[in-house]
Amino acid sequence: MRFVTTRGGGRPLTFTEALLEGLAPDGGLYVPETIEPWTADEIARLPNRTLTEIGYRALRPYTKGELDATLFEALVVDALNFPVPLIEVEPGIFSLELFHGPTLAFKDVGARMMARLMASLDRGDRDLTVLAATSGDTGSAVAHAFHGVPHTRVIVLYPDGRVSPTQEAQLTMFNGESGNVRAYAVAGSFDDCHRLTREAFGDDALSSAARLTSANSVNVGRLLPQMVYYFHAVAQLGAPAGELLICTPSGNFGNLTAGLMARRAGLPVSRFVAATNANDVVPEYLERGVFTPRASVATIANAMDVGHPSNFERMLWLYGNDLQAMRRDIVGNRHGDAAVKATIRRVFDECGYLMDPHSAIAYLGLKQTLTGRQRGIFLSTAHPAKFREIVEPVIGTTIETPAPLAEALARPRHILRIPATLDALAVLLHV
Ligand SMILES: *Cc1c(COP(=O)(O)O)cnc(C)c1O
């Protein structure tokens, strides 16, 4: 399978090249040249398949010819080693729980697959160094995903004093081991962390000496694996019956884009709902036909505070810039903090089901769109315990700490501090 960029520049690449390059030189994003449809028979037999069987089937077309079938199968089994259950919250309304991985958020799926793909496909003679700046959650998904993966090491930069204590515990969890993952607290802001990684990537000597690569969320190796759980959701619903809507809580729109690609491959879904918080440039585009990126505004669903979503470019590519075609498949809506809190409360009281703010936006987006006898699935992207500061006051009770989080919090803290300079980072990269 060849990969091209959304802007049409350059020669087509192999999957390995697109994976290791991350961003395309023309500024576009890599996309597969074609999306092969599954046969009707394969779709009909989905309910008989396990998560990892579906993972293998969904992703095999993209790795064929580059990765041995048996190796790839083992890789999928190793990456998708946690359940992704579908829970009926109300009659006809289902939650797809994507938060049972090591960092309790859906980014574990893409990050774990990408880490293993990089380790298996890289033919370099020295370890790859993944360098990532984080404002919190993405960095810990990446750190946990690469932990213990051979031929790779990870350096995560986060702003000292500006992540939550829970986030810091998860980020620095491996600092006390002699392993391949280190997280450094940078004396500065998230923008400083980001600037440092840009400077390091821009320094050719440093970048090639350390074999730097990015684990950016736009990497096609993180995007494609997210198709898998859409098929797994439909598999768990059982035999198709009538119309189905799927609602994805969106920020950078990678998750939704993967769903759209799954549909192109034959996923039997009538329509997607793109639900956002106040950062609603995509719902606005769907309504008014104009795309106006702007500075992000802070909300209680902060992983979705994105004012200029990068994957919008992939959405336009999928629809050939045809707004009407996009409107047939996607409806957008946005939800404010007050409505989100009220919904968390109501669904907890009435159904005994607890949602984090991001998942609650997906629930709201679905509820607002479902009609008649349609069934609907909303994607639950984070465990409520990750956002306990918001959730506990809303429901008026404390919630249990899930095991992976308890383990991170129980470890002695090893905070490694560095100044916000390229020199300090270069020292770390050279060891
Ligand atoms: C990243 C994230 C999102 C948004 O996903 P995108 O693919 O960027 O649209 C939603 N919820 C949670 C919990 C996230 O971490």
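In this chain, residues are counted from 1 in sequence order. We count ligands from 1, going down the list as the structure has it; atoms in each ligand are counted the same way.
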Trainee: Can T343 and Y363 be counted as having a side-chain donor-acceptor contact under 3.5 angstrom?
Mentor: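 Per modelled atom types, T343 and Y363 side chains form no pair under 3.5 Å.
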Trainee: Under a plain distance cut-off of 3.5 Å, with no hydrogens placed, do D356 and S359 share a side-chain donor-acceptor pair?
Mentor: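 Yes - a donor-acceptor pair under 3.5 Å links their side chains.
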Trainee: May I ask you to check whether T129 and R153 show a side-chain donor-acceptor distance below 3.5 Å?
Mentor: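 Short answer, yes.
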Trainee: Between ligand 1 and the protein, find all N/O pairs closer than 3.5 Å and give the distance for each.
Mentor:
| from | atom 1 | to | atom 2 | distance (Å) |
| --- | --- | --- | --- | --- |
| ligand 1 | 7 (O) | G254 | N | 3.2 |
| ligand 1 | 7 (O) | N255 | N | 2.9 |
| ligand 1 | 8 (O) | N252 | N | 2.8 |
| ligand 1 | 9 (O) | G251 | N | 2.8 |
| ligand 1 | 9 (O) | N252 | N | 3.2 |
| ligand 1 | 9 (O) | F253 | N | 2.8 |
| ligand 1 | 11 (N) | T381 | OG1 | 2.8 |
| ligand 1 | 15 (O) | K107 | NZ | 2.5 |

Trainee: Under 3.5 Å, is there a donor-acceptor pair linking the side chains of N311 and R314?
Mentor: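 There is such a pair (donor and acceptor under 3.5 Å, judged by atom type) between the side chains of N311 and R314.
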Trainee: Return yes if a side-chain donor-acceptor contact under 3.5 Å exists between Y30 and E21, otherwise no.
Mentor: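 Their side chains do contain a donor-acceptor pair, which is all the 3.5 Å distance test asks for.
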Trainee: Is it the case that R264 places NZ or CZ above or below the six-membered ring of Y319, under 6.0 angstrom from the centre and within 45 degrees of the axis?
Mentor: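 Geometry flag: set, cation within 6.0 Å and 45°.
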